[in-house]
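Some notes on the structure that comes next.
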Amino acid sequence: MLKKKVYYATMFILLIISGILSLINHHLAKPIDFLVLALFAFDTLYQLYLSNNRWKFIRHHPLEFVSLIPIYTGFRYFRLLPILLAFLRVTIMGRRYIIPVYNVLVKTGIGRFAWYFMLVFFLLPLPMIWIEPAIQNYSDLMWWTLQTVTTVGYGDIIVHHKLSKIIAGILMILGIGMISAFTSTITKLMTNPKLIRSEINKEKSLEKKALQNMTNSAQSSLAINELNLTLEDLHRLEALIQHEIKQKKN
């Protein structure tokens, strides 16, 4: 348990340092970003290798693979959510309160839609970096995408290519749908708190069951040790008796 906490905390710290250095244009930004990318790649590919169903692993861990895109440091931040969730799962407060709420959201339509929306939001506009002269880097692209999704449209970045306009239309439709779905889901959770409460009770029961299994395992180990000691004592007693019988015969 402690090793997992140290591991995720180390990955999180490296990620934050890489992001800060990239913002201030430090000369160590690229080497640290490469180190973070290498660690993420090794961790993701190793888990994929150990997985029994690799396609299922890919479907359930899309953000880990998006974080491996090397063209921009910002993709590394896709790993923040998996790291945060994994860290919360090994803490009592996370398991009892935060993870249950997250599980409820994931099980709803908004949860599944949010995953795909995030992928579309960050990946769909990528071609515009190379075809639109007004977009110089990925930061400009994200600023334009945010304006388009929220339908604000400041007009400081204007696109002209037909493909860019098609992408903009898709983002507008998805943005309107995302806002509506998110609002309805939050309203549903607020008016029906039993959903979250039942998930919290489920997590607590799983925690108690795991604790009970650990206790039973410890008791079984203790009983086995006591049994081994008893058998050793019997062997010693038997050897002692045989030794005394031989002495009497002599």
N/O donor to acceptor pairs below 3.5 angstrom from side-chain atoms of residues 125-136, sequence neighbours left out:
from, atom 1, to, atom 2, distance (Å)
E132, OE1, H160, N, 3.2
E132, OE2, H160, N, 3.1
E132, OE2, H161, N, 2.8
E132, OE2, S164, OG, 2.7
Q136, NE2, P133, O, 2.6

Working to the nearest 0.5 Å, report the span between [atom1] of [X] and [atom2] of [Y].
| X | Y | atom1 | atom2 | result |
| --- | --- | --- | --- | --- |
| L80 | F78 | CG | CZ | 10.5 Å |
| D33 | L15 | CG | CG | 9.0 Å |
| I17 | I13 | CD1 | CD1 | 6.5 Å |
| L146 | L171 | CG | CG | 10.5 Å |
| I176 | T150 | CD1 | OG1 | 10.5 Å |
| F122 | F75 | CZ | CZ | 8.5 Å |

State, yes or no, whether a side-chain contact exists between [X] and [Y] at a heavy-atom distance under 4.5 Å.
| X | Y | result |
| --- | --- | --- |
| V149 | L174 | no |
| L123 | I69 | yes |
| I157 | L141 | no |
| L39 | Y7 | no |

Indicate, with yes or no, if [Y] and [X] share a hydrophobic cluster defined by side-chain heavy-atom contacts under 4.5 Å among Ile, Leu, Val, Met, Phe, Trp and Tyr.
| X | Y | result |
| --- | --- | --- |
| I173 | I166 | no |
| F34 | L45 | no |
| V159 | V120 | yes |
| V152 | M142 | yes |
| Y49 | F40 | no |

Do any side-chain atoms of residues 61-68 form donor-acceptor pairs under 3.5 angstrom with protein atoms, and if so which ones, sequence neighbours left out?
from, atom 1, to, atom 2, distance (Å)
H61, ND1, F57, O, 2.8
S67, OG, E64, O, 2.6

- Task: Of all the heavy-atom pairs spanning A168 and T148, show the shortest one and how long it is.
- Result: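 Where A168 meets T148 most closely, the heavy atoms are O-CG2, 3.5 Å.
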- Task: Give the intermediate values and the outcome of side-chain contact (heavy atoms from CB on, under 4.5 Å) for residues R79 and D43.
- Result: CA-CA 11 Å; R79 196 61 180 262; D43 181 55; 2.3 Å; yes
- Measure from the side-chain N and O atoms of S51 to the backbone N and O of Q47, and report whether any donor-acceptor pair falls under 3.5 Å.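 Answer holds: no.
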